[in-house]
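Because the structure is predicted, anything quoted here is derived from the model rather than measured. The chain is numbered in sequence order, starting from 1.
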Amino acid sequence: MKRMKLIATVLAFMMLFVLLAACAETGNDGDTTQSPAPETTEGGESAEGLVTLTAFMNSPAWSASTWGSDPVSQRMMEMTGVTFTFEVNAEDTETRLNLIVAGGDLPDLLHIPRESLATRTMIQDEMLISWEALFNDYLPDAMQTSFIQRNEEILRGLYEFTDEIWTVPNNFVDRRYIDNGTYIMQTPGYYARGTMLDAIGNPTLVTLDDLENVLRLAVENDPSLTDPLFLWNPVNIGWDANGITILYRSMGGRAVQNFFIQADGSLSHIARDPLFRDTLMFVNRMFNEGFISHNTFTDGTAEQEAVNVSDNWVVAVGHYWRSIVPQDIFEDIVPVPHLAQPGVDYFGPVMNLNGDNSLFVSATNSNLEATARLLDAMISDEWQGLASGGIYGEHWEWGGPTNNWLIPIGEAAEILDIGFGEWMELTGAFRYLFTANQGLDSALAWGMASADPWRVELFNTQNAGIDATRWENLDPPAETLEGANLARITDDILHPFVARIAMASNEQAAQALFDEMLADMEAQGLADIEAVWNVNLNR
């Protein structure tokens, strides 16, 4: 029973870690109202001597009601002399943010989407103050801190229209955690049923040719298998964990979302890459040999989750964290290192390293000096560890092979056997992720998994990604002609044709369908979309 509870706990954390959902950012206590503020005296200080700042939190899940009542928030107030009156958005839209901006009466701080039109408008209309300007005026040494120095080039490049440092986003990965191997650079791939591999003599599984051989041997051993090769969401090309895209990368494809990177560094739609055509022909052959079922291309997520916990597959292709549930049931799941054809260096792009929701300072901020002190504390090692794991020495300590895993200890470690929510309740950790934190998110994942060798193997296998942030945010805006055409190409042409090509009766029919798909894309303005990608890449 204890092992089952630990698995459930770590699975819950991995869902937070992978999806970067609002609940991971906030603690998900569902508070959507204003939080009570301490009684303040003249000058914005409370009776306890704390400066009270107003803050709008765009995520409806922000933990406003617990602020000040748990060890983490109490220590944060001690560090900075600052507390908050929170207004938490009541719904998961930007309607309230837009109303605040239109009204012009901004709170002291706003925790809002970095790339939203409202945010860009406020920056360009001088309604916000950059972190850099604030530090230069009130705390010049803050610009020399190790965090800023390590990440300065990336922080200056967050916006194409300015090189000032306006914010440090939440879920931003401090690059030192990539450099020292702490951050799990998750790239999706392959996992297999170990007992089924044992039954066929554990053949080599390194290339796609090996995969085909494994599938053939497995079906010969057990002809009742209905989904020998199980592809997650195979028609959803453009999603990183799409099964066909993973096969394409094993072929040598260098895809990021819907485009691939040419040898000269320029971008073209994935459908123009001969390796993508080869991949779809491989899938078509696997389908016609009975290794991929018809349902693979028609099932929704719920149906695929049912397949994932069945005895009907041998090798699955998708997110590695999907292997946790069948491992809990069968205890024989093997994380397979990324397959690659001979001479291929597997390319697994990792996006979202620069975060999204970000803390901004309004130009009408009531106490800029206290705000500068607060922001400087937020990017300190002490604050980052506090937000991610609780009180150092009481709730966690450093450990692991290179002493950079955040290991829960004492009562905090024991309560993880009950649940992740109970752990947050005890420590106050993972509730107040204002900024950065994503590197220590991985440190905590390693620490929580440290007692489970299978989990450590899983993390090591998936930790093979490549920083792909230079290729983020290149798509044309949805409201432009190119943006509308890209949506049509993706939803109305690419996705339906992929299923038709995969299930064509033979390779000749599949080739004809591929040619028809590409012609339809070109007629829908594909070249103009590619031009936008390349302009944005070089801006």
### Task
Apply salt bridge (Lys or Arg N to Asp or Glu O under 4.0 Å) to the pair Asp240 and Arg249, showing each step before the final yes or no.
CA-CA 10 Å; Asp240 72 322; Arg249 290 177 178 140; 5.9 Å; no

### Message
Set out, in order, the CA-CA distance, both residues' side-chain angles and the distance that settles salt bridge (Lys or Arg N to Asp or Glu O under 4.0 Å) for Arg150 and Asp179, then state yes or no.
### Response
CA-CA 11 Å; Arg150 280 193 303 271; Asp179 295 341; over 6 Å; no

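Asp278 and Tyr248 share no donor-acceptor pair across their side chains, judged by distance under 3.5 Å alone. The closest side-chain donor-acceptor pair between Asn151 and Asp174 falls under 3.5 angstrom. Side chain to side chain, Asp70 and Tyr432 meet the donor-acceptor criterion of an N or O pair below 3.5 Å. In the model, Trp533 has a side-chain atom that pairs as donor or acceptor with a side-chain atom of Asp475 under 3.5 Å. No hydrogens or angles considered: a donor-acceptor pair under 3.5 Å links the side chains of Asn58 and Asn89. Between the side chains of Thr204 and Asp210, no donor-acceptor pair of N or O atoms lies under 3.5 Å. Checked by atom type, the side-chain pair Tyr346/Thr187 shows no donor-acceptor distance below 3.5 Å. Thr182 and Asn404 share a side-chain donor-acceptor pair at under 3.5 Å. Side-chain atoms of Tyr190 and Ser250 include a donor-acceptor pair closer than 3.5 Å. A side-chain N or O of Asn485 and one of Arg488 form a donor-acceptor pair less than 3.5 Å apart.
Annotation: Phe276 is not in aromatic contact with His269 [ring centroid separation under 6.0 Å not met]. The six-membered or imidazole ring of Phe434 lies near that of Trp62, with a centre-to-centre distance under 6.0 Å. Here the two rings, on Phe430 and Phe420, have centers that are under 6.0 Å apart.
At distances below 3.5 Å, not a single donor-acceptor pair connects side-chain atoms of Asn236 with backbone N or O atoms of Gly243.
Here Thr296 contributes atom OG1 and Phe230 contributes atom CZ; the two are 7.0 Å apart, rounded to the nearest 0.5 Å.
Ring pair Phe147/Phe172 is tilted by interplanar angle, where 30° to 60° counts as tilted.
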